[in-house]
Number of protein chains: 2
Amino acid sequence: MTERVDIFGDGRAVIYQGDCLEILPTLAPGSVNAVVTDPPYNSGGLFRSDRVRTTRDKYQHTDTARLHANFSGDNRDQRSFLAWAMVWLGMSQQLAAPAAMLAMFSDWRQLPLATDAVQGGGWIWRGIIPWNKTESARPQRGWFRSQCEYIITATNGTLGKEQDREAAMCLAGMWSEPIKASEKVHSTEKPLDLMKWLCGPVRSGGLILDPFMGSGTTGVAAVQLGRKFIGIEIDPGYFKIAHRRILDAAPLFTQRTNDP
Amino acid sequence: MTERVDIFGDGRAVIYQGDCLEILPTLAPGSVNAVVTDPPYNSGGLFRSDRVRTTRDKYQHTDTARLHANFSGDNRDQRSFLAWAMVWLGMSQQLAAPAAMLAMFSDWRQLPLATDAVQGGGWIWRGIIPWNKTESARPQRGWFRSQCEYIITATNGTLGKEQDREAAMCLAGMWSEPIKASEKVHSTEKPLDLMKWLCGPVRSGGLILDPFMGSGTTGVAAVQLGRKFIGIEIDPGYFKIAHRRILDAAPLFTQRTNDP
DNA sequence: TGTAGGTATGAATCCGACT
DNA sequence: AAGTCGGATTCATACCTAC
């Protein structure tokens, strides 16, 4: 029941439509240099009743014109989020090469569970990077605005030698960029610049995996940087969008090689 | 075995020298409008052998001229940190008025434990504020710099009505300010501007509690903002320093009232 | 082309109404 | 009564429209 597409015909970017829990075990162990992904947070609200609403009802104004499609898998409670995340993180770690990197998004509320899941999945947790959305985040009266999302970083084993990663440069530990609503296709889409920066430590030609591809921004970043990419997306609609966006991301001369 | 000093003689700023676990139960329940504190993080490295070293060894280069005194309480393992933090957070919550605020510092490694302790202590966790130390943090070759500390925010019950807090304004959700090592007295001292900003939601005349006063920056902020302050510090040396700094923080005309 | 002014938006949260 | 539901609200910013 899963579809597989080799976007450029040369294995540079391969995407799967289906559940990552089914697809991850079929991939080659030890082949992945980085997992860069933005899973459903299963968050929102102080109470369970705030979580059972659909993503759109939770996060968008009732009168918003630009309504995004809902996405599945965003209604787990805390225990099952932990169990589920630990499973796909463990599967991903089996695919990871030594010293491979993990970068996983979370909001403030799920951060403790997410770091538990990362470590439970066999990764070595190495830090948190805040993404500062600046004043484009919603304000809250009489309290501090929740204006950051967080990227949990980890490695498969030790950080490794320099040849395992791109140029031993020093990267900043935080990213500031507002949300640009008009450029978004997916309601939780991340800025392309941010994803490219996150892929920084992956060596040229390395393979980047995203088990929750969404509209494919990670794939666009990987292709533009000359890294290989494997993406998985459960929703057929977003799968098609990701396919198109990654195809359009390649420089013209490489696309031409497959032109008739 | 505890010392108590009423700094201005009018109850505006009262400090205790001793263990907060002994002193907190002696204070008046329901009297505190905010707990603003920076407890010992007990973080350390990835392994226990890193944790048994003292704070000075971990965080300072051996040839650093400015050697801070080691502060106590930084050698607990994770489970005992959680138990210990839950106890003083619970005691503090007993002292808190309805809708009182909690702001507690943590580093990235202790964040999950700290949020568990906050909730275990009876507070309602409401967010995380990153403090971006900018490029003053040490860079790391081939990886993302760890340049943020975090402030966990919480309330005692609901956010409450506007009269419980200062001006129903919207506050930012992040703070950027480099560390100025030359101005520091304590090795983990926080910028005064940051502490004053954190005290923003406390209404004028409200009481701010800091069970881990250190060199007393929270007290300086409270006094300068016209809030009342109770501080606790276990180390006699820092207790003296805090006493002096808070005394000097008051505007001249108020100090004169106690001059001979 | 440039500027000014109006409007839509945000990986929320609050709170009243209802079951 | 605890649980559930869904509309109202926050404001800096980006975007759109008018002149």
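Each chain gets a letter, A, B and so on, in the order its sequence line appears, and its residues count up from 1. This one's a predicted model, so the numbers in the text were calculated from it and none came from an experiment. Computed from heavy atoms alone, side chains included, the values below leave out hydrogens, waters and symmetry copies.
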Please answer whether C:dG10 and A:Y59 are stacked, defined here as ring centres separated by less than 5.5 Å and planes angled under 30°. no
How many whole angstroms separate atom [atom1] of [X] from atom [atom2] of [N]?
{"X": "A:R53", "N": "D:dA8", "atom1": "CZ", "atom2": "P", "result": "12 Å"}
{"X": "A:D74", "N": "C:dA12", "atom1": "CG", "atom2": "C1'", "result": "13 Å"}
{"X": "A:Q140", "N": "C:dG10", "atom1": "CD", "atom2": "P", "result": "18 Å"}
{"X": "A:H68", "N": "C:dA11", "atom1": "NE2", "atom2": "P", "result": "9 Å"}
{"X": "A:H186", "N": "C:dG10", "atom1": "NE2", "atom2": "P", "result": "13 Å"}
{"X": "A:L111", "N": "C:dA11", "atom1": "CG", "atom2": "P", "result": "17 Å"}
{"X": "A:Q147", "N": "D:dT10", "atom1": "CD", "atom2": "C1'", "result": "14 Å"}
{"X": "A:W108", "N": "C:dT13", "atom1": "CH2", "atom2": "C1'", "result": "10 Å"}

Side-chain N or O of [X] less than 4.0 angstrom from OP1 or OP2 on [N]?
{"X": "A:R141", "N": "D:dA8", "answer": "no"}
{"X": "A:Q60", "N": "C:dT9", "answer": "no"}
{"X": "B:R126", "N": "C:dC14", "answer": "yes"}

Hey, does [X] reach any base, or is it just sugar-phosphate, or nothing, if we go heavy atoms under 4.0 Å?
{"X": "A:E149", "value": "base"}
{"X": "A:D38", "value": "base"}
{"X": "A:K184", "value": "sugar-phosphate"}

Under 3.5 Å between N/O atoms: give me all the protein pairs with nucleotides 3-8 of chain C, atom names plus distance.
none

With side chains defined as the heavy atoms from C-beta onward, is the minimum distance between [X] and [Y] less than 4.5 Å?
{"X": "A:M104", "Y": "A:L89", "value": "yes"}
{"X": "B:W108", "Y": "A:I129", "value": "no"}
{"X": "A:E189", "Y": "A:H68", "value": "no"}
{"X": "B:R227", "Y": "B:F229", "value": "no"}

Might you work through the side-chain hydrogen bond (donor to acceptor under 3.5 Å, both in side chains) test for A:S146 and B:R126, ending with a clear yes or no? CA-CA 9 Å; A:S146 141; B:R126 293 201 176 260; over 6 Å; no
Evaluation steps, ring pair (Phe, Tyr, Trp, His ring centres under 6.0 Å), between B:W197 and A:F144: CA-CA 11 Å; B:W197 174 72; A:F144 305 92; 5.2 Å; yes
Enclosure of A:K133 NZ (heavy-atom neighbours >12, cutoff 6.0 Å): yes
Is there, by distance only and without an angle test, a donor paired with an acceptor across the side chain of A:R56 and the base of C:dG10 below 3.5 Å? no
Treat a base pair as Watson-Crick or G-U wobble with both distances under 3.5 Å, then lay out DNA chain C in dot-bracket form, 5' to 3', with | for cross-strand pairs. .|||||||||.||||||||
Are the side chain of [X] and the backbone of [Y] linked by a donor-acceptor contact shorter than 3.5 Å?
{"X": "A:E233", "Y": "A:Q17", "value": "no"}
{"X": "B:W143", "Y": "B:R145", "value": "no"}
{"X": "B:Q110", "Y": "B:Y41", "value": "yes"}

Per the side-chain hydrogen bond (donor to acceptor under 3.5 Å, both in side chains) rule, which among A:T37, A:D38, A:D210 passes with A:T218? A:D210
Between C:dG10, C:dC14, C:dA11, which nucleotide has the shortest distance from any of its atoms to the side chain of A:Y41? C:dA11
Choose from C:dG10, D:dC15, C:dA11 the nucleotide whose nearest atom is closest to any side-chain atom of A:E183. D:dC15
Under 3.5 Å, which protein N or O atoms sit close to an N or O of nucleotides 12-14 of chain D? Give each pair with its distance.
from	atom 1	to	atom 2	distance (Å)
D:dT13	OP1	A:E135	OE1	3.3

Evaluate side-chain hydrogen bond (donor to acceptor under 3.5 Å, both in side chains) for A:R56 paired with A:S187, printing each intermediate quantity in order. CA-CA 8 Å; A:R56 178 195 296 166; A:S187 67; over 6 Å; no
Of all heavy-atom pairs between B:L27 and B:L209, which one has the smallest distance, and what is that distance? CD1-CD1, 4.3 Å
